[in-house]
Every structure is written in C-alpha cells, then in structure tokens.
Student: 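Mind looking over this structure? Questions follow.
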Amino acid sequence: MQIANYLCRMLIVEQLQKSTVESLTALFSQTFTEKDFQVNQTKPEFEGDYTVVLFSLVKSLKLSPGDIGNKLGKHLIENNPSLFTQYNIIKGFLNLTVADAYWMEVLQKNYTDVCFGKKQMNGKKVMVEYSSPNTNKPLHLGHLRNNFLGWSVAEIFKASGYDVIKSCIVNDRGIHICKSMIAWQLFANGATPQSTNTKGDHFVGEYYVKFNDEYKKQVEELITAGKTKDEAEKEAPIMKATQQMLLDWEAGKPGTMELWQKMNSWVYAGFDITYKTIGSDFDKMYYESNTYLLGKKIVEEGLQKSVFNKEADNSVWIDLTEDGLDKKIVQRKDGTSVYMTQDIGLAQQKYEEYKIDQSIYVIGDEQNYHMKVLKLIAEKLQLPNAKNIYHLSYGMVELPTGKMKSREGTVVDADDIVDEMKKVAQEKTEELGKVKDFTVDELTTLYHTIGLGALKFFLLRVDPKKKMIFNPEESIDFHGFTGPFIQFNHARIKSILRKSIVNGESSIVSGELSVISGQSSAVFLPLEKELIVALEQFPTIIQQACDEMNPSAIAIYVYNIAKIFSSFYNEHSIANAETEDKKQLRLHLAAMTANVIKSGMGLLGVEVPERM
RNA sequence: GGACCGGUAGCUCAGUUGGAUAGAGCAUCAGCCUUCUAAGCUGAGGGUCAUUGGUUCGAAUCCAAUCCGGUUCACCA
C-alpha cells in the first residue's frame, strides 16, 4: 500500500504542541511536556485557527496569562514563520493563525489521496467478533446495529494499521434450535423454503414462533387442569419432546442430526442473502456445535491451579466474591461445560490460531456481567490473551413504543427494514426526478446505496455504548444529519468535478496550487478556511474512532464536513470563481472534500454515489 | 438488595476527556431556486445540563449524597 504523503509531515496540532514545548522551554528555562497545556481549535467567534490555553501555565511560571501569551506567541511566530503568521490573546487564550502555505500544502498533497488519514501497517493483529446469530430465527434490527458496528470497527482498525480478522460465532445448537426443529416435525408436513417460496431463515423462524404458540397453549391447558405454573412449564409435552431432542442431538442420533443439518442449511441460505445485502463479511466462522465441548482442558488446569474448586456433587465452580462478584459454575455435575467455559475455550482457540494482539467482542450490554467474568477468569487462569479481551458493549435498539418484543410482534425484521428503506429511497428519488436517464440496473443500485446508507448511518451515528431509539419515521427522513445528505453532497461535488473536465482532462491543474505571496492572510475566505481546517483533522478523527472503538466519531465528523461544504457551496461559486486561482483552490477543496467523504463513509460501510 | 450503565432544547442526539456566550438534526416560524444537483442554504424562537453540596482561576464534564430510568446477579446461551 502506498504511504500517505501527509506522513511526511506532522499534523498542525502536533506541530503546535511540539513548537509550544520548545518555545516554553527556551523562554522559561524549565522543562515542559505537551501535557502542561491544552491545544484546541479556535472558536469561530475569535480570530485564529488553533488556540493554546494558558491557564495551566500560570501557577508554575508565576506570570499573568497575558505575559505568557505575548512571549509565547511572539516566540512561536519568530521560530516557526512557515507555520504561524499571527496571534492574539483573549483572556487566557492564545489564538494562533496558521500560515496559508501550510493549508495549501495539505490540499496539494492529499486532495485525491485515497490513503489520506490512514496509517501504515503496524504489525499487530486484531480479531473482531460480531454478528453471532442464532440459527432459529432471522436477523432483526438489533443484529443490524451489531453487524454495522462490528464491520465498521474492523475497517477503522484496518485504517489504523492493524491486520484485522473478522470472525463470527454461530450459535447453531442448543434448546432454541430444537424448538424450531420440533415445531417443524409437528406442523410442517414436509414443507420447505422451496415449496413455500420463503427465505430460509424466515421459514425456520416461523416454526420457532409456532413452537412458542403451541407451548403456551399446552401450559395453559395444564394450568386449567390444576397444575401450578412451574409444573405446567416443565410438563408440557412439546417442551419434553424438545429436551429429548437436545439429548438426541448430543448423542448424535442420525435422524436428529439430519434434520438439524437440513434446517440449519435453510437458515444459512437465508443469512447469506441478508449478509450480502447489508455488506457483512467474515474471515473466520466458528460454530458452537464445534466449540461447545471446549473448556474441559481449561477446567482441569483451573483445578490444578486452584483457581476452580470441585463441589461434592462433582460440579466445578469459581469463587469471585473477593472481586465483588458471585460464585460462578464452570462445569456441570454431569461433566458438561457451560457457556462460560466454552467461551474461555474459544478465546484461547482464537489466540492459538491467530496469535492476536487484541480480541474484540461486539456483544450487547446485557452481557456486560458475563464478559466481565469471562475476562476475570481468563486473567486468573493466566491465559496469555486474557488482558487483550475487550468487550465492545453496545446498547439495545428500542422503538419509540419501548422494547422490541417478539411476542407482541414488534420486532423489526432486518430484511423488511432494508426493503422499506430502499422503497423510500426510490420514492424520494422519483419525486426529485434527477436521474431519469439511469438504466434499471443503475437505479436499483442507487436505491440500494441510498436506502441502506440511510439505515447504516442512522444506526452508527449514535455512541455504541448508549441504547438508542429507532424511530421509523425519523430514520426514513433523508434530510439533515443523515446518510443521504452526505451522499448528496458527494454527488454534488462529483457533478462539479465532471463539469470541470475539459477535453477529457480535469481542469484541476495537476501541478502546484498557486500561493498568492505577500498577502497570504487573504488567500482563504472564512468558509474555505473552515473546510480545510476540518479536512486536515481526518487522520486525528480516525485515530480517535479507533482508540474509542467508536464509529459515531467518524459519522459526526463526515456530517460536519458535508455541512461545511454545503454552506461553502451556497456562498461561493466554484466554476465561476472570482479568479482562476480561486477556482483552482475551490476545485481542490471540493475534490478533497469528496475524497474524505468517500473514505470516511467507507469506514462506516456506506457507499457514496456519483450521481443521485 | 448488590454490581454496572444512563438522565443535556418539545423529540433524537453531540459536547474535542476541566476551558471562551452549552451545539446539531427533526419539529415550529420567516426568507432564498433564470446561476456549479434545493435530499440544499440563511435567520428566529426554544436550556435550572435530573437535584443538592463539594473540589478551583474555571464544572454539563471530577468527587459525594439524593431522585428517576435501564441492564444484570441461572447446572439457559
């Protein structure tokens, strides 16, 4: 991969920090570090681009903020004339204006560089586990948040120089799967997805629903017959049959295995379609049917190390009361391993297979406790990867009416919502009538790009940690802080760039951007300046998103870029700029904006169209 | 009850890790298409940052207490 040009130079914030440390050290003959002061972007109401906050220096220097600011400002400009041109001090804030030549250079070097903001490979490996579906029902809105998050975090890590392995653990066995299987045996009469023309995962999901209906019915019947609720739930024939089926499965009974494989294959066929539609992909699949026996060795080791202890009934436990948690079972009295143990086994397997430096789990916040325990046990067992386990916990997706409940039919199905979004994209596009010359294929692609883009952006723009409300009406609004607004600005720039092509060549002069010497402070108008300052921050934002594992940082940033561009576009003409120099400058700004929008949206898994 | 998470405009969310007069979008109201794509732009109104106290030059941000909401504490996964 090509090394991004900007790496040759530090970002302006880093330059300013470094120069300030040097100037302070020279001026006051003490040692300083970057932590002794703060650098912020200057607020729009003041003159300048970046600001050094001086308050923290007052105490150690025993000087007033004004004195420090004047000395520092003067020294910074004298010693870095190519970077800083002027300063002013308001209260304790030293506002510095960055030389236009610096911004020109940023533009020239990066306006078409697809690697801008991305880092060189750092030799470290990260695994991101996400999606993790159950094979008894189709994906819903909550899974979409998980998929989009996991995929995006993986891309953000790649952009930050990591070797990333996307993995997925499929929960393909257990009592919930048997429920669908039993219901199919009872009610299907041999029906298949093919015979009913139903997508496989939806087909199997229908039988899961049928199971629950029948189970409820049987429980009620038993209660009317005089049983208690507990008894009824245990004795319902359909539940007993399901439990027997799980035993048959674990014993590898041929008929059961066949049915299991058949129904799972239907589900996988359905999942494949959904994953392809939403753009999820994985480098490594794990199946619980293969991993559920993992952990026995770990239990033995744990007993030897006295991390675990065995009860009289032969069950194995870990006591975490000293860590403020509870006692936790790690192996049943019949010798089978529980969820926790399997997870530790899988964690170790991941490490052994890939020697990963970090293992990220994208799992809902309901499992915060489980993941905390998992990590704690791994640490107590002194597994080599214990400290590298990280739970990327995200909040549930709720509807304005409250939580999604399958019983009340308020679960938003993944395929349905994607289709709905495409339909809305189509309606809005047709209303505007701007792409009447598109072929049918081009239109299909466009509706997909816009509809899915809107959905992804909507789910990714919120801090993952927080639970979010999915308001269907708001999500189909394509105005304001939305994916389509950003896509629109990209398309608009591309339109301008296409029109600037003369005789097959872009009218962007391929050589140097001209700098108007002698009056450099007048080169950038406020909105142009605002745009280039924001564009230069892209590398910082990617870094931040990676550190926090937070795609919303990218979403907010890209929206901000689009918004600044939109204001700029309305205020100043690009094609009919006042001078040829201005036109060149604005074409470059537009091109770099489009480049950053495309790149940033790419990190979110959102495509941007050339026209819309 | 214990642990963890959250409470910012009517609604949905930001808030650069303690800095300047707390910001966006939606919704409401008023303007702007003969001009590079109006899925747009400009402006207005809208706030006791849950409450109280503390820390200091300075608090939505840190600490303590209180109130409200959520998750979780299975020989389920």
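Order of the sequence lines fixes the chain letters, A, B, ..., with proteins taken first and strands second; residue numbering starts at 1 for each chain.
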Student: Establish, yes or no, whether a centroid distance under 6.0 Å links the rings of A:W249 and A:Y292.
Tutor: yes
Student: Please enumerate all residues that pass side-chain contact (heavy atoms from CB on, under 4.5 Å) together with A:Y208, with sequence neighbours excluded.
Tutor: A:N136, A:K137, A:H176, A:K179, A:S180, A:N212
Student: How would you label the glycosidic angle of B:C33: syn (within 90° of 0) or anti?
Tutor: syn
Student: With no hydrogens and no angle check, just 3.5 Å: does a side-chain donor-acceptor pair link A:T579 and A:D581?
Tutor: no
Student: Tell me, yes or no, whether the heavy-atom count around A:K216 atom NZ, taken from other residues, nucleotides or ligands under 6.0 Å, exceeds 12.
Tutor: no
Student: Look for any protein N or O under 3.5 Å of an N or O in nucleotides 74-77 of chain B and output each such pair with its distance, or none.
Tutor:
unit_1 : atom_1 : unit_2 : atom_2 : d
B:C75  : N4     : A:D313 : OD2    : 2.3
B:C76  : OP2    : A:R332 : NE     : 3.0
B:C76  : OP2    : A:R332 : NH2    : 3.2
B:A77  : OP1    : A:R332 : NH2    : 2.6
B:A77  : OP2    : A:R332 : NH2    : 3.2
B:A77  : O3'    : A:E288 : OE1    : 3.0
B:A77  : O3'    : A:E288 : OE2    : 2.6

Student: N/O contacts under 3.5 Å, protein versus nucleotides 20-22 of chain B?
Tutor:
unit_1 : atom_1 : unit_2 : atom_2 : d
B:A20  : OP2    : A:K43  : NZ     : 3.2
B:A20  : N6     : A:T51  : OG1    : 2.9
B:A20  : N6     : A:N95  : OD1    : 3.1
B:A20  : N1     : A:N95  : OD1    : 3.4
B:U21  : OP1    : A:K91  : NZ     : 3.3

Student: Expressed as a whole number of angstroms, how long is the span from A:K372:NZ to B:A3:P?
Tutor: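 For the pair A:K372 NZ and B:A3 P, the rounded distance is 10 Å.
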Student: Salt-bridge test for A:D334 and A:R332: reply yes if a basic N is under 4.0 Å from a carboxylate O, no otherwise.
Tutor: no
Student: Expressed as a whole number of angstroms, how long is the span from A:K467:NZ to B:U72:P?
Tutor: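 It works out to 12 Å between those atoms.
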Student: Which residues in residues 546-560 of chain A have a heavy atom closer than 4.0 Å to any atom of RNA chain B?
Tutor: A:E548, A:I556, A:Y559
Student: Just to verify, what does A:L432 make a side-chain contact (heavy atoms from CB on, under 4.5 Å) with, not counting sequence neighbours?
Tutor: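 For A:L432, the residues satisfying side-chain contact (heavy atoms from CB on, under 4.5 Å) (neighbours in sequence not counted) are A:K434.
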Student: Listing time: all N or O pairs from protein to nucleotides 41-44 of chain B that are below 3.5 Å?
Tutor:
unit_1 : atom_1 : unit_2 : atom_2 : d
B:C41  : O4'    : A:N570 : ND2    : 3.1
B:U42  : OP1    : A:S567 : OG     : 2.9

Student: Kindly confirm or rule out a cation-pi arrangement of A:R611 over A:F438, judged by NZ or CZ under 6.0 Å from the six-membered ring centre and within 45° of its axis?
Tutor: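 Cation-pi check for A:R611 and A:F438: fails.
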Student: For A:F485 together with A:F488, are the ring centres under 6.0 Å from each other?
Tutor: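 For A:F488 and A:F485, the ring centres are not under 6.0 Å apart.
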Student: Does the pair A:K229/A:E233 count as a salt bridge with the N-to-O cut at 4.0 Å?
Tutor: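 Looking at A:E233 together with A:K229, the answer is yes, because their closest N to O distance falls below 4.0 Å.
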Student: Once you round it to whole Å, what is the distance between P of B:C73 and CG of A:D323?
Tutor: 18 Å
Student: State which residues pass side chain to side chain donor-acceptor pair (under 3.5 Å) with A:Y394; sequence neighbours excluded, sorted by chain then number.
Tutor: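 Counting only residues at least two positions away or on another chain, A:Y394 forms a side chain to side chain donor-acceptor pair (under 3.5 Å) with A:N146.
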Student: Please determine whether the number of non-hydrogen atoms from other residues, nucleotides or ligands lying under 6.0 Å from atom NZ of A:K350 exceeds 12.
Tutor: yes
Student: Do A:F470 and A:F458 have ring centroids that are under 6.0 Å from one another?
Tutor: yes
Student: Please check the phosphate of B:U37 (OP1 and OP2 only) for any side-chain N or O of A:Y569 closer than 4.0 Å.
Tutor: no
Student: Pick out the pairs of N or O atoms, protein on one side and nucleotides 56-60 of chain B on the other, that lie under 3.5 Å.
Tutor:
none

Student: If you check every side-chain atom of A:I469, which of B:G19, B:A39, B:C13 has the closest atom?
Tutor: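 Of the options given, the side chain of A:I469 lies nearest B:C13.
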Student: Just to be sure I understand the geometry, which residues of residues 476-484 of chain A put a non-hydrogen atom under 4.0 Å away from RNA chain B?
Tutor: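 Close to the strand are A:D477, A:F478, A:H479, A:G480, A:F481.
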Student: Please state whether the phosphate of B:G7, meaning OP1 or OP2, lies under 4.0 angstrom from any side-chain nitrogen or oxygen of A:K466.
Tutor: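 Result: yes.
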Student: Is there a donor-acceptor pair under 3.5 Å between the side chain of A:R586 and the backbone N or O of A:A577?
Tutor: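 Judged by distance alone, no pair lies under 3.5 Å.
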Student: Does this structure show an ion pair linking A:E607 with A:K456, if we count only N-O contacts that are shorter than 4.0 Å?
Tutor: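 Answer for the salt bridge query: no.
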Student: For the C1' atoms, the ones on B:A50 and on B:C68, what distance do you get once it is rounded to whole angstrom?
Tutor: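 Going atom to atom, C1' in each nucleotide, I get 8 Å.
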Student: Who passes side-chain contact (heavy atoms from CB on, under 4.5 Å) against A:S60, sequence neighbours left out?
Tutor: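 Result, side-chain contact (heavy atoms from CB on, under 4.5 Å) vs A:S60: none returned.
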Student: Considering only the C1' atoms, how many Å lie between B:U8 and B:G47, rounded to the nearest integer?
Tutor: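 Result for the C1' pair: 8 Å, nearest Å.
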Student: Provide, to the nearest angstrom, the distance between the NZ atom belonging to A:K375 and the C1' atom belonging to B:C4.
Tutor: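 In whole Å, B:C4 C1' lies 16 Å from A:K375 NZ.
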Student: Any ion pair linking A:K423 and A:E420 (charged N to carboxylate O, less than 4.0 Å)?
Tutor: yes
Student: Mind checking if A:E610 touches a base, just sugar-phosphate, or nothing, with heavy atoms under 4.0 Å?
Tutor: base
Student: Do A:T42 and A:D49 have side-chain atoms, one donor and one acceptor, less than 3.5 Å apart?
Tutor: no
Student: Pairs counted as Watson-Crick or G-U wobble with both distances under 3.5 Å: what dot-bracket string results for RNA chain B, using | for bases tied to another strand?
Tutor: (((((((..((((.....[...)))).(((((.......))))).....(((((..]....))))))))))))....
Student: Base, sugar-phosphate alone, or nothing: which one does A:M468 contact when heavy atoms must sit under 4.0 Å apart?
Tutor: sugar-phosphate
Student: Determine the contact category for A:I450: base if any of its heavy atoms lies under 4.0 Å from a base atom, sugar-phosphate if only primed atoms, P, OP1 or OP2 are that close, otherwise nothing.
Tutor: base
Student: NA contact type, A:V462, heavy-atom cut-off 4.0 Å: base, sugar-phosphate, or nothing?
Tutor: sugar-phosphate
Student: Partners of A:N309 by side chain to side chain donor-acceptor pair (under 3.5 Å), sequence neighbours excluded?
Tutor: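 So A:N309 forms a side chain to side chain donor-acceptor pair (under 3.5 Å) with A:E311.
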Student: Could you check whether A:H391 gets within reach of a base, just the sugar-phosphate, or nothing at all, counting any heavy atom under 4.0 Å?
Tutor: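 No contact at all - A:H391 keeps every heavy atom at 4.0 Å or more from the nucleic acid.
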Student: Go nucleotide by nucleotide along RNA chain B from the 5' end; which of A:L325 and A:Q38 gets its closest nucleotide reached first?
Tutor: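 Nearest-nucleotide comparison on RNA chain B picks A:L325.
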